[in-house]
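The structure under discussion appears below in the form of structure tokens.
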There are 2 protein chains.
Amino acid sequence: MGYSIKTISQKSGLSQYTLRYYEKEGVLPVVARDENGNRCFHDEDLELISLICCLKDTGMPIADIKQFISLSKEGHSSLPEQRRLLQEHKLHIDEKIKFFQTFAQKVEHKIAYFSSLEEQAKAESK
Amino acid sequence: MGYSIKTISQKSGLSQYTLRYYEKEGVLPVVARDENGNRCFHDEDLELISLICCLKDTGMPIADIKQFISLSKEGHSSLPEQRRLLQEHKLHIDEKIKFFQTFAQKVEHKIAYFSSLEEQAKAESK
DNA sequence: TATTGACTTACAGTTAACTCTAAGGTCTAC
DNA sequence: GTAGACCTTAGAGTTAACTGTAAGTCAATA
């Protein structure tokens with residue numbers, strides 16, 4: 001009946017410190033507690049944490065994630081706004097992918113250039 | 001005969017603060033000076049700055065960029081090592097692209113889910 | 001000649017995102 | 001009944017990467 005912070009830390013890859021920090025900052029919604037006052041995570045929390053990690057790892061600042069999460073507490077009326085935020089972020093990710101692809105090419109060219117310099121140096125040393 | 005720090009700031013998109021900071025930290029090699037002691041950038045610098053931005057924007061920490069740049073001062077003998085670092089980073093970028101593509105899909109699914117919830121809410125309110 | 005503007009330095013301050021410490025509560029096993 | 005593992009909080013400290021400030025130099029212009 002619920003997961004400890006240790007378990008969630010292992011499952012999510014976030015440290016216990018980070019999980020507490022996220023809750024305190026409102027990046028995570030307030031987590032349920034057991035009879036001893038210890039955090040008691042559920043599957044929905046884990047799912048939300050997975051989404052949060054996804055947003056974070058694709059470059060969304062935690063202040064923005066916080067805003068997104070605070071909307072999800074407001075129920076149905078905030079669905080369009082939540083969707084809008086995700087769509088905006090999706091554009092961001094797509095841009096980043098293009099950007100990364102361009103830069104992967106650039107780095108590849110640079111690598112080829114270094115290879116050619118090495119060949120040249122080898123030829124000269126003969 | 002050389003660009004001022006202001007010009008380079010405009011061309012590179014890095015602030016003057018950042019350019020000075022990069023030079024001080026060894027992220028940029030030492031920049032030439034004019035007769036007044038002012039920085040005097042050249043096209044090679046601009047090219048190198050462009051590579052540095054590329055590495056930075058694809059997630060290389062500036063400590064690593066610094067290491068890469070310090071190698072380029074050592075001439076031909078360090079070419080293979082420079083190439084190795086770039087190749088390693090290229091793998092990193094490729095991984096990130098895959099990761100981002102996966103997450104773009106995940107976010108897209110979430111958007112679709114929100115849309116369906118909105119439809120449902122609309123239907124219920126009728 | 002005085003002021004304006006662009007530059008210089010050294011160094012202090014800021015921001016985001018953790019990360020750790022200290023002091024303490026609760027449960028289980030020996 | 002105490003040792004050890006787990007949890008709690010408040011708040012301090014850390015790290016990377018800037019960003020800003022203060023005090024000063026220099027050259028061109030009103």
Side-chain angles (χ1 to χ4, degrees), chain A residues 1-42 45-46 48-70 89 92 96, chain B residues 1-42 45-46 48-70 89 92 96:
Chain A
M1 32 125 314
Y3 310 106
S4 71
I5 194 166
K6 187 179 189 179
T7 308
I8 293 296
S9 168
Q10 284 158 352
K11 288 194 186 216
S12 68
L14 298 173
S15 74
Q16 298 186 27
Y17 296 140
T18 303
L19 287 166
R20 292 196 196 98
Y21 163 71
Y22 278 7
E23 189 189 354
K24 196 165 59 180
E25 293 293 306
V27 175
L28 274 182
V30 172
V31 179
R33 301 298 176 116
D34 66 13
E35 63 284 0
N36 295 318
N38 292 355
R39 283 173 187 81
C40 185
F41 291 84
H42 296 95
D45 296 313
L46 200 51
L48 199 53
I49 289 169
S50 147
L51 177 60
I52 288 165
C53 288
C54 159
L55 294 175
K56 189 194 66 164
D57 293 340
T58 49
M60 189 185 277
I62 69 163
D64 291 10
I65 298 176
K66 183 177 164 173
Q67 196 202 342
F68 176 78
I69 293 301
S70 79
H89 184 60
H92 232 83
K96 260 198 175 157
Chain B
M1 32 123 312
Y3 310 107
S4 71
I5 193 165
K6 187 178 189 181
T7 307
I8 293 295
S9 169
Q10 284 160 352
K11 288 197 186 215
S12 68
L14 298 174
S15 73
Q16 298 186 25
Y17 295 142
T18 303
L19 287 167
R20 291 196 196 99
Y21 164 71
Y22 278 8
E23 188 188 354
K24 194 165 59 180
E25 292 295 305
V27 175
L28 274 181
V30 173
V31 179
R33 302 301 175 114
D34 66 11
E35 63 284 0
N36 297 318
N38 292 355
R39 282 173 189 81
C40 185
F41 292 83
H42 296 94
D45 296 312
L46 199 52
L48 198 54
I49 289 169
S50 149
L51 176 62
I52 288 166
C53 288
C54 158
L55 295 174
K56 187 195 67 167
D57 293 340
T58 49
M60 188 185 276
I62 69 163
D64 291 11
I65 298 175
K66 182 178 162 172
Q67 197 202 342
F68 175 78
I69 293 300
S70 79
H89 185 59
H92 233 83
K96 260 196 174 158

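Protein chains get the first letters and strands the later ones, always in sequence-line order, with residue 1 at the start of each.
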Classify Arg39(A) by what it touches in the nucleic acid, base, sugar-phosphate, or nothing, heavy-atom distance under 4.0 Å.
sugar-phosphate
Regarding the side chain of Tyr17(A), the nearest nucleotide among dC7(D), dT21(C), dT19(D) is dT21(C)
With the side chain defined as heavy atoms from C-beta on, Arg20(B) is closest, among dC18(D), dC7(C), dT8(C), to dT8(C)
CD1 of Ile52(B) to CG of Leu28(B), rounded to nearest 0.5 Å, is 4.5 Å
To the nearest angstrom, the CD1-C1' distance between Ile8(A) and dC7(D) comes to 15 Å
* Looking only at side-chain N and O atoms, does Tyr22(A) come under 4.0 Å of OP1 or OP2 in dA17(C)? -> no
Check: protein-nucleotides 24-26 of chain D nitrogen or oxygen pairs below 3.5 Å:
{"residue": "dC26(D)", "atom": "O3'", "partner": "Asn36(B)", "partner atom": "OD1", "Å": "3.0"}

Between CZ of Arg33(A) and P of dC7(D) the distance, given in whole Å, is 12 Å
When rounded to whole Å, the CG to P distance for the pair Leu55(A) and dA17(C) reads 13 Å
Rounded to the nearest 0.5 Å, the CD1 atom of Ile5(A) sits from the CD atom of Gln16(A) at a distance of 5.0 Å
CD of Glu25(B) to CD1 of Ile65(B), rounded to nearest 0.5 Å, is 12.0 Å
CG of Asp64(B) to CG of Leu55(B), rounded to nearest 0.5 Å, is 9.5 Å
Of dT8(D), dA17(C), dC7(C), the nucleotide closest to the side chain of Ile5(B) is dC7(C)
To the nearest angstrom, the CG-P distance between Asp64(A) and dA16(C) comes to 11 Å
Worksheet item: With distance as the sole criterion, is a donor-acceptor pair present between the side chains of Thr58(A) and His92(A) under 3.5 Å?
Response: no
Between Thr18(A) and Gln16(B), the residue closer to the 5' end of DNA chain C by nearest nucleotide is Gln16(B)
Between CG of Asp57(A) and C1' of dA17(C) the distance, given in whole Å, is 13 Å
- Within the structure, does a side-chain N or O atom of Ser4(A) lie under 4.0 Å from either OP1 or OP2 of dC6(D)? no
Quick note, Lys56(B) side chain, CB onward, closest among dT8(D), dT19(C), dC18(D) is dC18(D)
Atom NZ of Lys66(B) and atom P of dA17(D) are separated, to the nearest Å, by 11 Å
Requested in this report: Using only side-chain N and O atoms of Tyr21(A), determine if any of them is under 4.0 Å from OP1 or OP2 of dA16(C).
Outcome: no
Rounded to whole Å, CD1 of Ile65(B) lies from C1' of dC18(D) at a distance of 13 Å
One should read off an interatomic distance between Ile62(A) CD1 and Tyr21(A) OH, to the nearest 0.5 angstrom, of 3.5 Å
Between Ile62(B) and Glu35(B), the residue closer to the 5' end of DNA chain D by nearest nucleotide is Ile62(B)
* To do: Answer yes or no: is there a donor N or O on one side and an acceptor on the other, between the side chain of Asn36(B) and the main chain of Asn38(B), under 3.5 Å?
  => no
From CD of Glu25(B) across to P of dT15(D) the rounded distance in Å is 14 Å
(Q) Could you check whether any side-chain heavy atom of Asp45(A) comes within less than 4.5 Å of a side-chain heavy atom of His42(A), counting everything from C-beta outward? (A) yes
